[in-house]
Amino acid sequence: MTNHGFETRAIHAGQEPDEQTGAVTVPVHLATTYAQQGVNEHKGFEYSRTGNPTRVALETSIAALEGVAHGFAFGSGMAAEDAILRMLKPGDNVLLGNDAYGGTFRLLDKVYAQVGVTWTAVDLTKPELVAEAWTENTKLVWLETPTNPNLNVFDIAAVAAQAHAQGGLCIVDNTFATPYLQQPASLGADLVVHSATKYLGGHSDVVGGLVATDRDDLAEHLGFTQNATGAVISPFDCYLLLRGMKTLGIRMDRHFANATAIVELLVDHPQIETVLYPGLPGHPGHEVAAQQMRNFGGMVSFIPVGGADEAHRIVTSTTLFTLAESLGAVESLIEVPAGMTHGSTAGSPLEVDPALVRLSVGIETIDDLLDDIKQALG
Ligand SMILES: *Cc1c(COP(=O)(O)O)cnc(C)c1O
């Protein structure tokens, strides 16, 4: 499978026709327990929290798409992040990119802080700041790229090299890019984490989280934690994710094409002050993005003339773009991160401009999307 192209892996990796029946899609294995031939003698499955055949198919798929040896599936992106962070001990420190998903920040700032794990926000557009911020307690650097919601771009290879020089780990949240656009492990990331709820699922009907790694020691931690703490994903949700992931490539190409057309409209529009999109040649991360990504993705943020009030007016004036949290699905969404997805960052170094509007550009007919944005901007 590893020799095949991305789309072939997305459709086939971990998903050979069912041995018994020939079914070409992976069955949803609902059984919670498995018959044993003798004590601890079984066909690879004993109890469904520990291992489930539909989940194994999904885990094999994400590993193949990220180009690594191991995959792990969890009940949500946050559960996946939590499973990773459980390797930390009281007193440990995490360097966090200074723009990140609000829930990731909240997990560190409200949950892990309680057990004595600290975080330090770092502007990772300057990878050399990793060495400066690193302390003897620092264990890892955690970053997203492009970031949620400001669409900053971080140089994965440079940040990973900095973390490794300090003897630490580099963890990349690849939710915005997906493995179709960028494969962080090939650039040095030790762990790749996904909110599969977003582009991987792609249809706003499943919550899930995935982790991929090429490192056997980290895989052991993840497998142990998955079973020991039990934040597993249901077999049916595994099936939905496998189904969504088969079309990831063609969806991402269309998300990108539609986002590009929307960006062209926005940059010339008198009602728009700033457009944040890594595909714009003037974006500070454009060159790094062009190097480490296949295309620039489907997420677009902008600041309208008129500030937060105007932002609130715009997000309630669209008709096709639905005002809602989440992202990455076939339908277009619009939101104000400061008041919605990123509320938890208020007052922190990760605080979001209240006038920022975030678009998750869907794969509807582009002229309809352009008309909707035009009428909403007025
Ligand atoms: C949504 C999101 C998460 C959290 O994932 P859930 O599936 O909602 O738990 C993590 N990181 C990023 C970048 C996200 O957008």
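The model shown is predicted, which means the values in this text are computed figures rather than measured ones. Order of appearance sets the numbers: ligands from 1, and atoms from 1 within every ligand. No hydrogens, no waters, no symmetry mates; every other heavy atom, side chains included, goes into these values.
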Given N98, T125, D173, D99, the one that forms side-chain hydrogen bond (donor to acceptor under 3.5 Å, both in side chains) with T147 | D99

Determine, for D309 against R313, whether the closest basic-nitrogen to carboxylate-oxygen distance falls under 4.0 angstrom.
-> no

At a heavy-atom distance under 4.0 Å, which protein residues reach ligand 1? Sort them by chain and number, would you?
-> S76, G77, M78, E81, Y101, E144, N148, D173, T175, S195, T197, K198, G208, L327

Describe, in one word, how the ring planes of H342 and Y101 are oriented to each other, choosing from parallel (under 30°), tilted (30 to 60°) and perpendicular (over 60°).
-> perpendicular

Inspect the contact between D123 and K126 and indicate whether a charged nitrogen and a carboxylate oxygen are less than 4.0 angstrom apart.
-> yes

When you look at CD of E19, are more than 12 heavy atoms from neighbouring residues, nucleotides or ligands closer to it than 6.0 Å?
-> no

Mind checking side-chain contact (heavy atoms from CB on, under 4.5 Å) for V305 and listing every partner two or more places apart, or none if nothing turns up?
-> E273

